[in-house]
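See below for the structure under consideration.
Numbers here simply count residues along the sequence, with the first being 1.
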Amino acid sequence: MTNEELMLFLKKNVISVSCVIASILIGVALYARSDQLPDAEKILADKAQQGELLAANIEDSAQLKEQHAALVSANSVIADRMIRVGQLAENLQYFYRLESETGTKLTDPRQNAWVPPAKNAAKTNFTLVNFNLGAQGDYTQVLDLLRKLEDGEHFCRVNTLTMKPVSVIRGGPVTISVTFDLLALE
């Protein structure tokens, strides 16, 4: 086949020849880039995961200001119910208020020595302050005192409780000795 015949063949079959050349070029390009396909799939998966995370963050942030305000108000309510570690007089005043509300007689209200947490202990926002309380009154007064301790203005956890009658007379006075912790701010 001579050059003239080749040129004539190309002019007659321009579309067919250009399709064959394009197919060959596409095949060569696919073969050359086939080793990059796993890397491209990995990048695509990473980008898709980041996109999903951003979409979830955008969806979750819709109520973020309201949730933050709710948490701040809840924290302030909790902080208002805390005692302060170094305010011994105010802490004991709470028990004297309970004494007047319940009609019991406190015999031994005392805050035990507070021991700061160890240096390697986990950091917490709150600490526990231990108290001992002795009280005397009739059975209903003593139970009212215990209810007011547990459900009162401060967070309380009763550790030990000893209750015994003062005399053998039925319905007579009862004494209690309670050891409990109050949640406090340092």
Could you state whether [X] and [Y] fall into the same hydrophobic cluster, counting links through intermediate Ile, Leu, Val, Met, Phe, Trp or Tyr residues with side-chain heavy atoms under 4.5 angstrom apart?
X      : Y      : result
Val17  : Leu25  : yes
Met163 : Val166 : no
Phe9   : Ile21  : yes

Under 3.5 Å: donor-acceptor pair, side chain of Asn13, backbone of Ser16: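 Judged by distance alone, no pair lies under 3.5 Å.
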Do [X] and [Y] have side-chain heavy atoms sitting under 4.5 Å apart?
X      : Y      : value
Phe131 : Thr179 : no
Ile24  : Val20  : yes
Leu161 : Leu146 : yes
Val174 : Lys164 : no

Arg97 bridged to Glu153 by N-O distance under 4.0 Å: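 Salt bridge present between Arg97 and Glu153.
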Pairwise distance [atom1]([X]) to [atom2]([Y]) - rounded to 0.5 angstrom:
X      : Y      : atom1 : atom2 : result
Leu128 : Phe155 : CG    : CZ    : 12.0 Å
Leu44  : Gln49  : CG    : CD    : 11.5 Å
Asn57  : Glu52  : CG    : CD    : 12.0 Å
Cys19  : Ile26  : SG    : CD1   : 9.5 Å
Thr104 : Glu99  : OG1   : CD    : 5.5 Å
Thr175 : Lys105 : OG1   : NZ    : 12.5 Å

Residues Asn132 and Asp108: side-chain donor-acceptor under 3.5 angstrom: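 Note: Asn132 and Asp108 side chains miss the donor-acceptor criterion.
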If you compare all heavy atoms of [X] against all heavy atoms of [Y], which two are closest, and at what distance to 0.1 Å?
X      : Y      : answer
Tyr94  : Gly152 : OH-CA, 4.0 Å
Thr107 : Ala135 : OG1-N, 3.7 Å
Glu90  : Gln87  : OE1-OE1, 3.2 Å
Leu133 : Pro109 : CD1-CB, 3.6 Å
Phe95  : Leu182 : CZ-CD1, 4.0 Å
Cys156 : Glu150 : CB-CA, 4.4 Å

Within 6.0 Å of [atom1] in [X], more than 12 heavy atoms from elsewhere:
X     : atom1 : result
Asp46 : CG    : yes
Gln63 : CD    : no
Ile15 : CD1   : no

Residue that, paired with Thr102, satisfies side chain to side chain contact (heavy atoms under 4.5 Å, CB included) out of Leu143, Leu145, Leu149: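 Exactly one candidate clears the test, Leu145.
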